[in-house]
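Have a look at the structure below before the remarks.
Atoms within each ligand, like the ligands themselves, are counted from 1 in listed order.
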Amino acid sequence: MRHHAITRADVHDRPTMLARTIRGIEPLAAAEIGRIGVVRRIRHREVWFEVPDPGRVPEVLDLRTPDDVFVLAAVYDGIGRSKSSLLRLAQGVRETCLTDPPALPERGGGAAEVRGVDVSASFVGRRNYTRYDIEDAVGAELARAQDVVYHSRRDGAVPPCGTASWRVTVEGEQATLALRMADRPLHRRAYKRASVAGTLHPPLAAAMARLAGLEGVRNVLDPCCGAGTLLFEARAASAGPRLLGTDLDPAAVRVAKGNATGADRAAWAVADAGRIPLPARSVDRILVNPPWQRQVPAAGLLKGDQSILWRQLRRVLTDDGCAVALLHDPSTGLALAAAAGFRIRRTIEVSLFGAHPVIGVLNPAEAGLGGLRPTR
Ligand SMILES: C[S@@+](CC[C@H](N)C(=O)[O-])C[C@H]1O[C@@H](n2cnc3c(N)ncnc32)[C@H](O)[C@@H]1O
């Protein structure tokens with residue numbers, strides 16, 4: 001087995017960082033990362049990068065599209081499918097810890113506050129071991145080297161706060177070992193004090209907001225706003241637009257309003273997306289994650305027929321506007337959008353907790369066609 005710790009010399013004199021994303025938005029995460037650093041590699045759910053300007057390293061923790069960001073500690077080759085690969089991996093970690101001991105992250109009062117280590121692992125392809133087998137093999141070595149407790153995640157156990165969180169990913173025959181930069185995952189947003197059923201994963205909402213292109217626009221509407229995730233990510237992407245959030249469920253609107261503490265230039269209302277209470281051609285951007293039948297039933301005017309939603313979206317959108325929608329039934333959603341007068345500019349399939357919805361980026365097909373006349 002070849003293994004090597006990533007040393008400063010290996011990585012152009014700076015640490016290599018590894019951003020984890022959901023499947024499908026790696027290029028969008030790379031584009032966001034490219035504004036503060038240099039992207040070195042894009043893999044399945046990963047973007048590897050460096051930040052040449054040390055003054056910009058803190059900005060890594062403000063990235064919106066990655067689920068989380070880690071500092072790469074080591075890469076191990078020759079990690080195959082059989083269980084014996086885990087012995088090789090453990091040996092590699094042991095050697096790394098001896099030759100290049102990984103530092104525990106500073107948390108507030110310093111390294112002394114770190115109470116132990118935990119490990120999250122994932123792999124691509126079939127293996128004769130589980131993620132928990134990888135985690136326990138690596139975790140035991142890290143804990144021994146650092147003389148701290150290892151907290152296994154096996155059987156759904158949740159590690160206590162204050163542990164150093166390590167990440168192992170295995171793709172092909174290569175395993176990477178990396179240490180989380182922040183003391184909690186980046187995808188956990190401070191604004192999400194309360195939530196609703198079917199609420200969107202914030203990094204996906206951030207990717208959708210970026211696809212809409214928000215610079216210089218007056219307003220952004222989410223007519224099925226739920227907890228407000230899409231609009232809060234829009235605010236993080238651009239301070240300018242006024243946020244307009246509506247939902248048929250008064251409880252959802254209350255949640256969004258509560259989460260909005262501190263988000264200025266925002267308006268929230270209870271309304272049916274089948275009758276959006278806004279004038280024709282008054283909205284510059286739409287971000288929407290419509291109800292889908294399995295987890296979040298469509299109600300009100302959308303019950304049984306979502307075509308009215310698409311006609312309403314086209315009605316309120318300006319002729320040079322853009323709508324970005326998450327489609328859980330992409331073929332139906334795209335057909336309804338096209339029938340309502342949208343041109344499908346781009347589609348991106350993503351993987352989200354076992355489902356494969358599609359992000360649709362839609363523009364008005366043509367201004368002023370008969371079929372696109374405002375309807376109420
Ligand atoms: C998938 S959830 C949206 C989640 C939201 N993006 C978030 O991040 O929290 C769909 C939302 O559509 C709402 N909804 C269902 N039927 C509606 C209708 N006719 N008009 C407006 N909203 C509706 C539900 O109340 C629910 O909040």
Side-chain angles (χ1 to χ4, degrees), residues 22 25 64-65 67 187-212 220-237 243-261 263 266-278 283 285-317 323-330 332-333 336 340 350 352-360 375-376:
I22 62 165
I25 66 166
R64 309 297 292 197
T65 49
D67 277 12
H187 65 76
R188 231 176 264 160
R189 303 293 207 249
Y191 65 74
K192 234 171 187 175
R193 285 174 285 272
S195 196
V196 300
T199 200
L200 202 51
H201 188 56
L204 177 55
M208 291 172 64
R210 277 161 178 76
L211 283 166
V220 188
L221 166 71
D222 180 351
C224 303
C225 68
T229 320
L230 280 161
L231 293 177
F232 299 132
E233 294 303 324
R235 169 61 78 241
L243 311 178
L244 309 168
T246 61
D247 197 290
L248 186 61
D249 182 355
V253 174
R254 272 196 302 277
V255 166
K257 269 187 186 168
N259 287 340
T261 311
W268 308 94
V270 175
D272 195 314
R275 196 181 294 125
I276 299 172
L278 291 170
V283 171
R285 297 289 183 273
I286 293 169
L287 298 172
V288 64
N289 169 26
W292 74 97
Q293 291 310 351
R294 260 181 307 159
Q295 196 180 358
V296 190
L301 295 170
L302 305 190
K303 204 172 172 178
D305 176 16
Q306 294 223 353
S307 61
I308 188 170
L309 168 69
W310 294 101
R311 291 199 299 276
Q312 282 288 298
L313 298 185
R314 179 62 195 94
R315 180 185 70 78
V316 297
L317 192 64
V324 179
L326 189 68
L327 305 167
H328 293 270
D329 175 359
T332 306
L336 292 176
V350 299
L352 190 63
F353 310 125
H356 300 281
V358 162
I359 304 174
T375 52
R376 289 201 76 89

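The aromatic rings of W292 and H328 lie parallel to each other, with less than 30° between the two planes, well short of the 60° mark.
Note that CG of L313 is 8.0 Å distant from SG of C224, once rounded to the nearest 0.5 Å. Between the CD1 atom in I359 and the CG atom in L327 there is a gap of 9.5 Å [rounded to 0.5 Å]. For the atom pair R64 CZ and R189 CZ, the distance stands at 4.0 Å (nearest 0.5 Å). Rounding to the nearest 0.5 Å gives a distance of 13.0 Å between OG1 of T246 and CZ of R275. Note that CD1 of I276 and CD1 of I308 are 9.5 Å apart. Values are rounded to the nearest 0.5 Å. Between L204 atom CG and I22 atom CD1 the span is 4.5 Å, to the nearest 0.5 Å.
Counting the atoms of ligand 1 from 1 in the order shown, those under 4.0 Å from a heavy atom of A227 are 7 (C), 9 (O). Set against the non-hydrogen atoms of W292, the atoms of ligand 1 under 4.0 Å away are 1 (C). Distances below 4.0 Å separate heavy atoms of D249 from the following atoms of ligand 1: 25 (O). Close approach to G226 involves these atoms of ligand 1, each under 4.0 Å from a residue heavy atom: 5 (C), 9 (O), 27 (O). Annotation for ligand 1: atoms under 4.0 Å from non-hydrogen atoms of T229 are 7 (C), 8 (O), 9 (O). Using a 4.0 Å cut-off to heavy atoms of D272, the atoms of ligand 1 that qualify are 18 (C), 19 (N), 20 (N). Of all atoms in ligand 1, numbered sequentially from 1 with element shown, those under 4.0 Å from a heavy atom of G198 are 1 (C), 4 (C).
Under the 4.0 angstrom criterion for non-hydrogen atoms, P223 is in contact with ligand 1. Using 4.0 Å as the threshold, A271 has a heavy atom nearer than that to some atom of ligand 1.
Taking atom 3 (C) of ligand 1 as the reference point, the nearest protein heavy-atom neighbour is C224 O, 3.4 Å. Of the protein's non-hydrogen atoms, the one nearest atom 15 (C) of ligand 1 is P291 CG, 3.6 Å. In terms of protein heavy-atom proximity, atom 19 (N) of ligand 1 is nearest to A299 O, 2.8 Å. Protein heavy atom nearest atom 22 (N) of ligand 1, with residue, atom name and distance: L248 N, 3.2 Å. Taking atom 5 (C) of ligand 1 as the reference point, the nearest protein heavy-atom neighbour is C225 O, 3.4 Å. Atom 20 (N) of ligand 1 has as its closest protein heavy atom A273 N, 2.8 Å. For atom 6 (N) of ligand 1, the nearest protein heavy atom (residue, atom name, distance) is N289 ND2, 3.3 Å.
Taking any N or O of A252, backbone or side chain, none lies under 3.5 Å from an N or O belonging to ligand 1.
Panel note: side chain R193, backbone N259; a donor-acceptor pair is recorded below 3.5 Å. Using a distance-only test at 3.5 Å, with no hydrogens or angles considered, no donor-acceptor pair links the side chain of E233 to the main chain of R210. Here the side chain of D272 pairs a donor or acceptor atom with the backbone of L301 at under 3.5 angstrom. A donor-acceptor pair under 3.5 Å is absent between the side-chain atoms of R254 and the main chain of K257, judged by distance alone. Panel note: side chain D247, backbone V253; no donor-acceptor pair is recorded below 3.5 Å.
Only side-chain heavy atoms of V196 come within less than 4.0 Å of ligand 1; its backbone N, CA, C and O stay farther off.
The option from D247, T199, N259, L204 that lies nearest to atom 24 (C) of ligand 1, judged by heavy atoms, is D247.
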